[in-house]
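Please read the structure below before turning to the comments.
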Amino acid sequence: MARSPEERGVTHSAVARGRLLAALPALLLFTGLFIGLVTPSTVRPDAFLATAMVSAAALLPLWGTVLIGVGACAVFVGLMVDFDALRDATAYSELASLVAIGAFAVFLNRLLDRRAHQLVQVRSVAETAQLAVLHPVPRHLGHVALESLYLAAAAEARIGGDLYEAMHTPQGVRLLIGDVRGKGLLAIQAAATLLSAFREAAHDAPDLPHLARRLETSINRHASHHPGVPGSEIAERFITALLAEIPDDEPVVRTVTCGHPPPFLLHRGEVRELQPTAPSPPLNLGMLVGEGYHVDVAPFHPGDQLLLYTDGVTETRDRSGAFYPLAERIRSWSGETPHQLLDHLHRDLLGYSAGELDDDIAVLIARRRPEPLSLR
């Protein structure tokens, strides 16, 4: 089942940044007090006090904003008394300005809090829509143990065009992973169409080429009914996809690649990329398929794992711009369970990118078990 970043926990660096930002208003307040005490009376720390109040509006709850505002005014009045400036009309004018800024900070805090509440509601709706489109993958299907991961590039955008599905059929466990070109509502509609078509066709399609043709037909029909932006070509909107089939009674895995990154096979500490011998174009470009879809077959014994992923994984960059070396990284985790492997991969991707993912990420791992489990 896909787990969100919140379920997996935030990183220590993110927590540290949050605490540092929350302490910023108080730091500015004490800086203003220090400057007011060590400098001549003609130098007043109004700028630091005003900045403390405005930053509190953005970083602290209402009570913190009020506390910083009262503290800033108290610091200014205390400095006036200390420097015997109570008769200075300019000082009273500056105090009035600070009070006005404090009132504005409270208003700004309420406005930002309302916007934050609206964002939480939007994110909740997006998460609900994501779950409606991208169903949780069962942990076990027959001989196969499964784990999945979905990471959105932006925390505010919990829904995207990356997709995966796994189903137990008379032909064995069939897997799908795909990536819709583009973003937004059209991408979500295309993803939902593909997943619905796969869930319907996976049970009765006799083999993967028939299944791929069924998916191609559904996506082509969807594209013709949803032309999108006027003037755009259907060929510009496509879905890369990879289909895999793990028979119950045969230690192999069959794959059909439709413009998608090839999967990795993990076998006894070795990592092998299953390059297609005759890759097909992405879905919705089926008119380019000449002799049909080609099936590749590879050994898949008990304990072996198959890792399917979208290009958001391998296109993750570090600060120097280098791409994420997926094969190299997963080699040391090849002996782990699917759950543990995904935990390692998730943490490593966030660390490698410094928490700044450029694209959505979907990963599906299947491991052949020695004995079948009852379907759950």
Legend entry - Donor-acceptor pair, side chain of Glu165 and main chain of Ile177, under 3.5 angstrom: no
Legend entry - Over 12 foreign heavy atoms within 6.0 Å of CD, Gln275: yes
Inset, instruction - Indicate yes or no for a side-chain donor-acceptor contact from Arg174 to the backbone of Met167 under 3.5 Å, with no hydrogens or angles considered. - result: no
Legend entry - Check: Ser55 side chain, Ala52 main-chain N or O, donor-acceptor pair, under 3.5 Å: yes
Inset, instruction - State the CG-CG distance between Leu208 and Leu215, to the nearest 0.5 angstrom. - result: 10.0 Å
Inset, instruction - Kindly compute the distance separating CG (Asn220) from CZ (Arg213), expressed to the nearest 0.5 Å. - result: 14.5 Å
Legend entry - Exam field: side chain Ser334 to backbone Ile330, donor-acceptor pair closer than 3.5 Å: no
Inset, instruction - Would you sort out whether Leu146 and Arg139 count as a side-chain contact (heavy atoms from CB on, under 4.5 Å), showing the intermediate values? - result: CA-CA 5 Å; Leu146 297 165; Arg139 302 289 294 274; over 6 Å; no
Legend entry - Stepwise side-chain contact (heavy atoms from CB on, under 4.5 Å) check, Arg199 with His135: CA-CA 11 Å; Arg199 291 162 186 156; His135 297 170; 3.5 Å; yes
Legend entry - Test item: Leu341 and Leu307 side chains (from C-beta on) under 4.5 Å apart, heavy atoms: yes
Inset, instruction - Answer yes or no: are there more than 12 heavy-atom neighbours, outside Glu200 itself, under 6.0 Å from its atom CD? - result: no
Inset, instruction - Report yes or no: do Val106 and Leu49 belong to one cluster of Ile/Leu/Val/Met/Phe/Trp/Tyr joined by side chain heavy-atom distances under 4.5 Å? - result: no
Inset, instruction - Would you mind reporting whether Ile365 and Leu306 have side-chain heavy atoms less than 4.5 Å apart? - result: no
Legend entry - Sub-4.5 Å side-chain heavy-atom contact between Leu326 and Leu345: yes
Legend entry - Trp333 reachable from Leu349 in the ILVMFWY side-chain graph, under 4.5 Å edges: yes
Inset, instruction - Return the set of residues passing side chain to side chain contact (heavy atoms under 4.5 Å, CB included) with Pro302 (not counting sequence neighbours), or none when no residue passes. - result: Arg368
Inset, instruction - For the pair Tyr309 and Phe264, name the ring-plane relationship: parallel under 30°, tilted 30 to 60°, perpendicular over 60°. - result: parallel
Legend entry - Contact check, side chains of Leu163 and Tyr150, non-hydrogen atoms, under 4.5 Å: no
Inset, instruction - For residues Thr316 and Tyr352, determine if any side-chain heavy atom of one lies less than 4.5 Å from a side-chain heavy atom of the other. - result: yes
Inset, instruction - Would you give the length of the straight line joining atom CD of Gln171 to atom CG of Asp249, rounded to the nearest 0.5 angstrom? - result: 11.0 Å
Legend entry - Point-to-point distance, once rounded to the nearest 0.5 Å, from CD1 of Ile239 to CG of Leu285: 10.5 Å
Inset, instruction - Applying side-chain hydrogen bond (donor to acceptor under 3.5 Å, both in side chains), run through Ser280 and His294 and close with a yes or a no. - result: CA-CA 8 Å; Ser280 300; His294 180 78; over 6 Å; no
Inset, instruction - Could you grab the distance from atom CG of Asp179 to atom OH of Tyr164, nearest 0.5 Å is fine? - result: 13.5 Å
Inset, instruction - Would you give the length of the straight line joining atom CG of Leu175 to atom OG of Ser148, rounded to the nearest 0.5 angstrom? - result: 11.0 Å
Inset, instruction - Could you tell me whether the side chain of Ile68 reaches within less than 4.5 Å of the side chain of Leu29, counting heavy atoms only? - result: yes
Legend entry - side-chain hydrogen bond (donor to acceptor under 3.5 Å, both in side chains) between Asp248 and His168, intermediate numbers included: CA-CA 10 Å; Asp248 292 332; His168 195 270; 3.2 Å; yes
Inset, instruction - Check whether any side-chain heavy atom of Val256 sits under 4.5 Å from a side-chain heavy atom of Leu242, and report yes or no. - result: no
Inset, instruction - Would you check if the side chain of Asp304 reaches a backbone N or O of His301 as a donor-acceptor pair within less than 3.5 Å? - result: yes
Legend entry - Pair Asp318-Tyr324, side-chain contact (heavy atoms from CB on, under 4.5 Å): steps then yes or no: CA-CA 7 Å; Asp318 62 11; Tyr324 183 76; over 6 Å; no
Legend entry - Remaining members of the apolar cluster that contains Phe323, side-chain heavy atoms under 4.5 Å: none
Legend entry - Note: Arg214-Asp204 ion pair, threshold 4.0 Å (strictly below): yes
Inset, instruction - For the pair Asn109 (side chain) and Ala57 (backbone), establish whether a donor and an acceptor sit closer than 3.5 Å, ignoring hydrogens and angles. - result: yes
Inset, instruction - Verify the cluster assignment for Val173 and Val252: are they in a single hydrophobic cluster under the rule of side-chain heavy atoms below 4.5 Å apart? - result: yes
Inset, instruction - Any side chain to side chain donor-acceptor pair (under 3.5 Å) involving residues 254-266? Give me the pairs, sequence neighbours left out, ordered by first then second residue. - result: Thr240-His260, Glu245-Arg254, Glu250-Arg254
Legend entry - pair Arg367-Thr337: side-chain heavy atoms closer than 4.5 Å: yes
Inset, instruction - Examine distances only and state if a side-chain atom of Thr310 and a backbone atom of Ala362 form a donor-acceptor pair shorter than 3.5 Å. - result: yes
